Amino acid sequence: MKKIEADIKNETFERVYLLYGEETYLRDSCRRRLTDAVAASSDSMNRTIYSGRDIRESEVIDQAETLPFFADRRLILIRDSGFFKGGAEVLAAYMAELPPYLTIVFSENEVDKRSRLFKAVQKSGYICEFKPQTEETLSAWIVRYLDREGRRITRDALAEFMARMGSDMGRIERELNKLTAYTEGRGMITVRDVEALTPQELENRVFDMVSAVAEHKKERALALYADLLALKEPPMRIMILIGRQYRQLYLISEMKREGEADTVIAPKLGIPPFAARRLSGLSRSYRREALRRAVNLCAAFEEDTKNGRITDRLAVELLLNALAG
């Protein structure tokens with residue numbers, strides 16, 4: 001990304017860029033800055049945008065061969081094309097023949113690095129992957145964002161906010177906007193502010209249910225389940241998430257037995273470090289055999305529900321009762 005920032009600053013652009021990855025907030029932000037630098041958004045004569053999976057390669061090439069109109073550069077932006085999942089042989093071959101006045105920017109969610117087009121772009125231009133940010137990076141970004149708005153946040157409030165938000169930077173920004181508006185006239189954001197205004201993700205609510213089960217608080221677990229039903233959350237989705245969290249607890253327990261640290265466990269399970277720490281702490285409430293039994297129970301109830309032997313709503317109630325017992 002630093003390379004792209006330098007290109008924008010120096011106005012020296014590659015003939016082709018590929019921006020891809022799960023972190024759509026950063027990818028979209030980078031894409032807007034890059035494309036606006038190559039050709040202003042108001043320059044409809046030299047700026048062509050394609051989107052979706054019905055883009056014809058021949059049409060892109062015809063547009064690329066058109067000289068810029070009273071400008072130095074022509075921009076072609078291609079979004080969510082699926083070209084990098086296979087095929088696009090004609091476009092891949094064209095990457096070696098891009099004219100000097102042209103800049104093509106691809107923006108994709110997923111790519112296959114083995115595809116011919118990926119290798120062609122890698123050879124002819126620049127590729128930037130946007131991965132989910134680390135907890136430390138997100139925390140620093142949140143603090144800087146709030147500082148620009150004249151706010152500070154307590155350490156406990158930041159931890160609670162991170163636990164509720166996850167790593168989606170777009171969602172984080174929207175919730176920060178609400179927090180700054182809510183705390184107008186106050187300099188400090190507290191845990192109470194976060195709890196009052198920031199909704200929990202479904203996974204966090206399910207974690208609270210699993211925690212209640214671990215403490216044998218069956219009534220609280222069922223009450224939390226009732227709250228989720230009141231929020232119109234599908235019972236089947238809740239059951240799937242309960243099963244996933246128990247599988248994660250079991251895997252973390254096994255990794256801990258082998259001496260793995262939370263920082264190593266998190267990337268292996270594909271979860272943020274704070275989630276790994278939280279699950280790691282909860283795993284200590286269970287014996288190994290109990291976690292294995294819980295995983296098997298979740299799988300059995302899910303199978304019974306999918307096969308129509310029991311309704312999804314009742315299945316979750318019975319599962320929570322069995323786990324708490």
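Predicted model only: the values in this text are computed from it and were never measured.
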Original post:
Considering only heavy atoms from C-beta outward, does the side chain of F84 approach that of D112 to under 4.5 Å?
Top reply: no
**OP:** Would you check if the side chain of R73 reaches a backbone N or O of L102 as a donor-acceptor pair within less than 3.5 Å?
**Re:** yes
Original post:
Does NZ or CZ of R27 come closer than 6.0 Å to the centre of the six-membered ring of Y20, within 45° of the ring's axis?
Top reply: no
Subject >> Closest heavy-atom pair and its distance - M165, E175 >> reply: SD-CG, 3.4 Å
Original post:
Got F301 and V316 here, is their nearest side-chain heavy-atom distance under 4.5 Å?
Top reply: no
Original post:
Within a reach of under 6.0 Å around NZ of K256, are more than 12 heavy atoms found that belong to other residues, nucleotides or ligands?
Top reply: yes
Original post:
Is the closest side-chain heavy-atom distance between I142 and M162 below 4.5 Å?
Top reply: yes
**OP:** Give a yes or no on whether R220 atom CZ has more than 12 heavy-atom contacts from other residues, nucleotides or ligands under 6.0 Å away.
**Re:** no
Original post:
When you look at CZ of R114, are more than 12 heavy atoms from neighbouring residues, nucleotides or ligands closer to it than 6.0 Å?
Top reply: no
Subject >> Check: E108 side chain, L18 main-chain N or O, donor-acceptor pair, under 3.5 Å >> reply: no
Subject >> Near-ring test Y286/Y246, centroid separation under 6.0 angstrom >> reply: yes
**OP:** Answer with yes or no whether the hydrophobic clustering places Y182 together with I189; edges join I, L, V, M, F, W, Y residues whose side-chain heavy atoms lie under 4.5 Å apart.
**Re:** yes
**OP:** Work out which heavy atom in L269 is nearest to a heavy atom in I252; give both atom names and the distance.
**Re:** CD1-CG1, 3.5 Å
Original post:
Among the clusters formed by ILVMFWY side chains lying less than 4.5 Å apart, do V295 and I238 turn up in the same one?
Top reply: yes
Original post:
Where the side chain of T183 meets the backbone of R186, is there a donor-acceptor pair that is under 3.5 Å apart?
Top reply: no
